[in-house]
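To start, the structure under review is shown below, and the notes come after it.
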Amino acid sequence: MRLAMTSNIDDIENEPEALRAEAAPAQPDPVEKLQAENSDLKDRVLRTLAEMENLRKRTEKEVHDSRAYAVTSFARDIVSVADNLERALASVPADAQDGSLKSLAEGVEMTGRQLSSVLSKHGITRIEPKTGDRFDPNLHEAIFEVPDPSQPANSVVHLVQAGFSLSGRLLRPAQVGVSKGGAKMSVADTLPSDSEPSSGNQA
């Protein structure tokens, strides 16, 4: 009887330990924990590298644009000089016989060619649509309309003043006269052009 009571007492004393052992949470596997931490760190590194690459590309683009378009105001003013040289040359009669007048015209023409070469060298390109070209509001400015059934509607019929672009960005639209009353252009003709705003002859 005494042995039975001792056994019951031992069972009672050991019961809390057994309950604590059952209630204690299972310890995580250290290998799995390290793998999870490694995966998290790898994801953070990849995200950081991607952000750094995007920042590098944005910085390169900003530096390129800054260099390419820093002279926009100057370029817009200098193309007006080219316009005035052309007007001066156009004012000389084609049949002028005076020697000094011919020499002056040749000098103006030479200066104009040299200026055009310099403009082209620095990325300034002329926009000179030809008669029959479709009117492009991204490159052209319509000054007047001409009733001309022989030309498709909204096509260029007259160039008033050449336009210019700077490194592909519009600097000044070409001023043109457009046709009115002709047949409508086909769908292919009215699609946006794949060419950049710099399309046209070199300055």
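For the single chain, residues carry numbers from 1 onward in sequence order.
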Open item on the list: Using side chain to side chain contact (heavy atoms under 4.5 Å, CB included), reason through Val156 and Thr131 one step at a time and then give a plain yes or no.
Closed with: CA-CA 5 Å; Val156 176; Thr131 300; 5.7 Å; no
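- Members clustered with Phe144: Ile143, Val146, Val157, Val160, by chain and number, using a 4.5 Å side-chain heavy-atom cutoff among hydrophobic residues.
- Listed by chain and residue number, Arg87, Gln161, Phe164, Arg172 satisfy the side chain to side chain contact (heavy atoms under 4.5 Å, CB included) test with Asp83 (two or more places apart in sequence, or in another chain).
- Between Lys102 and Glu106 there is no salt bridge, since no side-chain N of the basic residue sits under 4.0 Å from a carboxylate O of the acidic one.
- Although no hydrogens or angles enter the test, the distance criterion places a donor-acceptor pair under 3.5 Å between the side chain of Asp133 and the main chain of Lys130.
- One finds the CG atom of Leu85 at 12.0 Å from the CZ atom of Arg113 (value rounded to the nearest 0.5 Å).
- One finds the CD atom of Glu86 at 9.5 Å from the CG atom of Leu115 (value rounded to the nearest 0.5 Å).
- Without hydrogens or angle criteria, Thr111 side chain to Gly107 main chain gives a donor-acceptor distance under 3.5 Å.
- Using a 4.5 Å cut-off on side-chain heavy atoms (C-beta onward), Leu159 and Pro129 make contact.
- Separation of atoms CD (Gln151) and NE2 (His158) is listed at 13.5 Å; rounding is to 0.5 Å.
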TODO: Check step by step if side chain to side chain contact (heavy atoms under 4.5 Å, CB included) holds for Leu170 and Asn138.
DONE: CA-CA 8 Å; Leu170 186 65; Asn138 297 313; over 6 Å; no
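- Residues Lys61 and Arg58 fail the side-chain proximity criterion, which asks for heavy atoms closer than 4.5 Å.
- Between the side chain of Ser120 and the main chain of Ser116, no donor-acceptor pair closer than 3.5 Å is present.
- Distance check: Arg134 CZ to His140 NE2 gives 8.0 Å after rounding to the nearest 0.5 Å.
- Judged by distance alone, with hydrogens and angles left aside, the side-chain atoms of Ser155 form no donor-acceptor pair with the main-chain N or O of Gly132 at under 3.5 Å.
- Atoms CG and CG, from Leu89 and Asn84 in turn, are 12.5 Å apart once rounded to the nearest 0.5 Å.
- Applying the salt bridge (Lys or Arg N to Asp or Glu O under 4.0 Å) criterion to Glu37, with sequence neighbours excluded, gives no partner residue.
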- [ ] Could you give me the CA-CA distance, side-chain angles and deciding distance for Leu171 and Thr125, then say whether side chain to side chain contact (heavy atoms under 4.5 Å, CB included) is met?
- [x] CA-CA 9 Å; Leu171 191 63; Thr125 309; over 6 Å; no
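- Side chains of Ile127 and Ser165 form a contact here, defined as non-hydrogen atoms less than 4.5 Å apart.
- For Ser39 (side chain) and Gln35 (main-chain N/O), no donor-acceptor pair under 3.5 Å exists by modelled atom type.
- Salt bridge present: Arg56 and Glu60 bring a charged side-chain N and a carboxylate O closer than 4.0 Å.
- Results of the side chain to side chain contact (heavy atoms under 4.5 Å, CB included) test with Leu166 over Leu119, Val79, Thr72 single out Thr72 as the only residue that passes.
- Atoms CG and OG1, from Leu55 and Thr48 in turn, are 12.0 Å apart once rounded to the nearest 0.5 Å.
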